[in-house]
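Counting starts at 1 for both ligands and their atoms, in listed order. Owing to the predicted nature of the structure, the values given are computational and were not obtained by experimental measurement.
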Amino acid sequence: MTNALPVLLDVDTGGDDALALLLATASPALDVRGITCVAGNCALEQVVSNTLTLLDAIGAPPVPVAAGMDRPILEPGLPAPPLHGRDGMGDLGLPAPRRSEAGVHAVEFLRRTLADSAGPMTLICLAPLTNIAMLLRLYPRIEDKIERLYVMGGTFAAPGNTTPAAEFNVRYDPEAAAIVLHSGLPVTLYPLDPFVQVRFTVEEARKLTQAKGAGARIAGGIALHYCRFFGMEFSLIGDAGTVATVIDPAGAASERRPVHVALSSGATRGATVFDRRILTDGFAREGEWTDVDVVSKVDATRYRKLMAAALGATEALDD
Ligand code: BDR
Ligand code: CA
């Protein structure tokens, strides 16, 4: 009998999704019951291949990996951002995967797994929300089996990263994000604001690449890839921070705020607009707004340590 929280992860692996998978699979606090893949950081086939490659490389126990939606609901999808490398996972040259995908569509896998679960489950969504939106639209009654969605996406007070107003996961499939964030399900949103707060220095990344564990060495390689790409002295743990908030919620400060997903074409498409006014009751608000818990700030030191400890490489950190 274990107290680990059963979770499902939805990913577009993705260097920083890989860091998130390393943390989630290594943490005794989580029981990863399945990983669903969606197009985003790279094409769907590459996302699946990267995910299987990573799991093999760390000798992870068997866990179902299901391929899902290969494009957004409405638009053709954005070009793969170059920052993740040619293979989308930092070009580490890992051996091709021996394990295979589950052979069931991700949306169907999510439905089955949730339906078969004794109680509601936690979903950790680190990618465009296409799979999750399709799940909610196709099987609305499955909502009863969702405890909470932890979603990496959007911005709170920070600027966007894909457009001046919009973050990548939401901008990639704004309709999907609107369906999920306006579903009324309990949502904890992990936006770009905390996403950019948790970092490894380039020196720490180098030390990770020398660590004993395969997971730590891969994490170091990915971090070094990002340092090189951006020409910076540090790299973000990115999506892994969302997993950290599930494992250690006390390290995150959140606010309950109404959010609106902007769907109009033009400069604001894919923006997450929050009503951050001090007085909101009785004041005008046009369009659809839904309360979510938004993480505004995290304890970066605590989450760096959490990540390094999960990788068995606390000695790699300078603090
Ligand atoms: C998000 O977009 C992707 O590039 C990352 O994997 C992360 O999920 C950040 O905007
Ligand atoms: Ca991602």
Task: is_close_aromatic(Tyr226, His84), centroid dist under 6.0 Å - done: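 Between Tyr226 and His84, the centre distance is under 6.0 Å.
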Minimum-distance protein heavy atom relative to [atom]:
{"atom": "atom 6 (O) of ligand 1", "answer": "Asp16 OD1, 2.7 Å"}
{"atom": "atom 4 (O) of ligand 1", "answer": "Asn41 OD1, 2.8 Å"}
{"atom": "atom 1 (C) of ligand 1", "answer": "Glu167 OE2, 3.2 Å"}
{"atom": "atom 8 (O) of ligand 1", "answer": "Asp239 OD1, 2.7 Å"}

Open item on the list: Is a donor from one side chain sitting under 3.5 angstrom from an acceptor on the other, for Gln197 and Asp193?
Closed with: no
Open item on the list: Please report whether ligand 1 has a polar contact with Leu192, defined as an N or O pair separated by less than 3.5 Å (distance criterion only).
Closed with: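 In fact, backbone or side chain, Leu192 has no N or O that close.
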Open item on the list: Can you tell me if Tyr172 contacts ligand 1 (heavy atom of the residue under 4.0 Å from the ligand)?
Closed with: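 No, Tyr172 has no heavy atom closer than 4.0 Å to ligand 1.
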Just jot down the ligand 1 atoms closer than 4.0 angstrom to any heavy atom of [X], in number order.
{"X": "Met152", "value": "1 (C), 7 (C), 8 (O), 9 (C)"}
{"X": "Phe168", "value": "2 (O), 3 (C), 4 (O), 10 (O)"}
{"X": "His84", "value": "4 (O)"}

Open item on the list: Of all the N, O or S atoms in Asp239, which has the shortest distance to the Ca ion (ligand 2)?
Closed with: OD2
Task: Of all N/O/S atoms in Asp12, the name of the one nearest the Ca ion (ligand 2) - done: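 Nearest to the Ca ion (ligand 2) within Asp12's N, O and S set: OD1.
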Open item on the list: Test of understanding: given a 4.0 Å heavy-atom threshold, classify the contact between Asp17 and ligand 1 as side chain, backbone, both, or neither.
Closed with: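 Side chain only.
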Task: Contact check: Asp16 to the Ca ion (ligand 2), N/O/S below 3.0 Å - done: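 Checking Asp16: none of its N, O or S atoms is under 3.0 Å.
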- [ ] Give a yes/no answer: is there an N/O/S atom of Val11 under 3.0 Å from the Ca ion (ligand 2)?
- [x]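 Under 3.0 Å: Val11 has no N, O or S contact with the Ca ion (ligand 2).
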Task: Nearest-0.5 Å distance, CG of residue Leu138 to CG of residue Leu110 - done: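 Here the interatomic distance stands at 11.5 Å.
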Task: Expected output: side-chain Asp12 to main-chain Val38 donor-acceptor under 3.5 Å - done: no
Does [atom1] in [X] sit with more than 12 non-hydrogen atoms of other residues, nucleotides or ligands closer than 6.0 Å?
{"X": "Arg86", "atom1": "CZ", "answer": "no"}
{"X": "Arg148", "atom1": "CZ", "answer": "yes"}
{"X": "Glu203", "atom1": "CD", "answer": "yes"}

Open item on the list: Between Phe274 and Val292, is the side chain to side chain contact (heavy atoms under 4.5 Å, CB included) condition met? List the steps.
Closed with: CA-CA 10 Å; Phe274 282 88; Val292 298; 3.9 Å; yes
Task: Closest approach of Asn161 to Glu167 (non-hydrogen atoms, all atoms of both residues) - done: OD1-CA, 3.2 Å
